[in-house]
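Worksheet for the structure shown next.
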Amino acid sequence: MKRKTTEEKRAHYIRTAGAISLCGNLALTTVKLAFAVLASSLALLGDAVDSATDVVISIVTLIIAGVIAKPGDKEHPWGHARAETVATMILAFIIFLAGSELVISAVKKLIVKDASEGIAPVAVIAALISIAGKSFLALSQYTLGKKANSDIVKANAQNMRNDIVLSLAVLLGLAASILFKCPILDPLVAILVGLWVIKNAVELFKDLNMELMDGNTDSSLYKKLFEAASSVEGVTNPHRARIRKLSSLWDISLDIEVNPSMTIFEAHEKAEQVEEAIRKAIPDVYDIMVHVEPEGSDQHQPEERFGLSPEHL
């Protein structure tokens, strides 16, 4: 039996997460729509629409799982891993819109002073079903996202956790407004929760933007890279290093210096040993480019692009 590659396993976990999310959110959407009709509740209808949005996200996740599993080709020599990053960026935008919509709705409620008079029992049942269902989905997405090291599945898990907080906040806000005879508590709680959701979306967007800009703020990776290169006998002055992220993988380039008297074959062997040492030190490496220079020739032209050296850490 053929053993699955790392990328095939990742794709399998992502497909599984997408299938669980799709089935779970379809069920929740159906239940919420039914209760919304029974209770004539616009709030429940809005919650059902939110779950319907999660269905769309689940479908996108399933599609992405198939895309990232494709090997590199002449149009995409670095593979298709960035498709997951783009999809996660879209998810961050959806989460941002959901938080913004909640804040806008709550502000409108404050302006028109549309206070809630009570909680219909059917609305409470629907909220409890939503919380239970979203808790299961959040746990499953988090577990599978961690196994696959997938940004889109992890982001979906965060989205599910946001939905749980939203449902709890709505219940607490309504209950508090009735218990303390203070209807203003309901929209105020909603505004706070909405701002929290927006904050999560912005942080997710910033992380993804760093990846799309080929940035990397994890200095520990560079430390491991330089230590791995320097561990190879005969290799000196590892420098002009670049590490960029391709979804869950790392693309690395590095310059090293060797004795000028080495033959091309010997220098090539040293580069191979450096690559092997790096792969042992840093997991999930997509590709490594090692450029060999004669020792003492670290005098680069001013127009050479920036790369990190040990002194930058």
Indicate yes or no: does Lys270 engage Glu266 in a salt bridge with an N to O separation below 4.0 Å.
no
Does the Ser140 side chain pair with the main chain of Leu137, one donor and one acceptor, at a distance under 3.5 Å?
yes
Close side-chain approach of Arg279 to Glu276, heavy-atom, < 4.5 Å:
no
Side-chain heavy-atom pair Arg240, Ser309 within 4.5 angstrom cut-off:
no
Salt bridge (Lys or Arg N to Asp or Glu O under 4.0 Å) partners for Lys199, two or more places apart:
Glu203
Determine whether the side chains of His239 and Glu293 contain a donor N or O and an acceptor N or O closer than 3.5 Å.
yes
Heavy-atom count around Tyr286 OH within 6.0 Å, excluding the residue itself: above 12?
yes
Donor-acceptor pair, distance only, cut-off 3.5 Å: does the side chain of Thr16 make one with the backbone of His12?
yes
Would you find a donor on one side and an acceptor on the other, under 3.5 Å apart, between the side chain of Ser21 and the backbone of Gly18?
no
What residues form a ring-ring contact (aromatic ring centres under 6.0 Å, His included) with His76, not counting sequence neighbours?
His80
Measuring from Ile278:CD1 to Leu221:CG, what's the distance to the nearest 0.5 Å?
11.5 Å
Ile90, Met210: one ILVMFWY side-chain cluster at the under-4.5 Å cut-off?
no
Under a 4.5 Å side-chain heavy-atom rule over Ile, Leu, Val, Met, Phe, Trp and Tyr, are Met262 and Val292 clustered together?
yes
Path from Phe136 to Tyr13 over hydrophobic side-chain contacts below 4.5 Å:
yes
